[in-house]
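Data block below; observations after.
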Amino acid sequence: RWSNMITREFYAQGDLERSLGLEVSPLCDRHNHNLNKSQAGFINFIVRPAYTRYCEYLGTSKYLDILEHNFKQWTENVVESKP
């Protein structure tokens with residue numbers, strides 16, 4: 001749900017950029033975007049490093065286990081997604 005909401009916002013930004021003759025920002029081009037791949041990338045480069053440190057601090061892997069489950073869902077569902 002949140003992924004689709006933010007993606008709609010990104011697409012609106014990209015539409016505006018396109019209408020102004022600007023280069024469309026990454027992740028904002030509704031004509032060249034894959035939600036599953038972008039979510040997997042977001043998990044790999046932003047969420048996983050933060051969760052890793054957080055779990056080390058807490059002394060648990062509980063949240064990393066949930067994150068891995070979510071990551072697996074995004075990477076197994078590789079069809080083009082349009083919100």
Going by the rule side-chain contact (heavy atoms from CB on, under 4.5 Å), which residues pair with Leu58 if we only count those two or more places apart in sequence or in a different chain? Tyr54, Thr60, Tyr63
Rounded to the nearest 0.5 Å, how far apart are OG of Ser3 and CH2 of Trp74? 4.0 Å
Can you sort out the partners of Glu9 under salt bridge (charged side-chain N to carboxylate O under 4.0 Å, His left out), two or more places apart, ordered by chain and number? none
Reported CD1-to-OH distance for the pair Ile6 and Tyr11, which is rounded to 0.5 angstrom: 12.0 Å
Working to the nearest 0.5 angstrom, can you tell me the gap between Arg8 CZ and Gln13 CD? 15.5 Å
Is Glu17 reaching over with its side chain to a backbone N or O of Ser25, donor-acceptor style, under 3.5 angstrom? yes
Taking a hydrophobic cluster as the set of Ile, Leu, Val, Met, Phe, Trp and Tyr residues connected by side-chain heavy atoms closer than 4.5 Å, whether directly or through intermediates, do Met5 and Phe10 fall within one such cluster? no
Please say yes or no: joined through hydrophobic side-chain contacts below 4.5 Å, possibly via intermediate residues, are Leu27 and Phe45 part of one cluster? no
What residues join Leu20 in its hydrophobic cluster, counting side-chain heavy atom gaps under 4.5 Å, either direct or through other members? Leu16, Leu22
Please output the side-chain donor-acceptor pairs of residues 64-72 that fall under 3.5 Å, not counting sequence neighbours, one pair per line with the distance.
| from | atom 1 | to | atom 2 | distance (Å) |
| --- | --- | --- | --- | --- |
| Glu68 | OE1 | Arg48 | NH2 | 3.1 |
| Glu68 | OE2 | Arg48 | NE | 2.9 |
| Glu68 | OE2 | Arg48 | NH2 | 2.9 |

Does any non-hydrogen side-chain atom of Cys55 lie less than 4.5 Å from one of Lys62? no
Do the non-hydrogen side-chain atoms of Arg18 and Asp29 ever get within less than 4.5 Å of each other? yes
Hydrophobic clusters here meaning ILVMFWY residues chained together by side-chain heavy-atom distances under 4.5 Å, can you tell me if Leu35 and Val47 are in one? yes
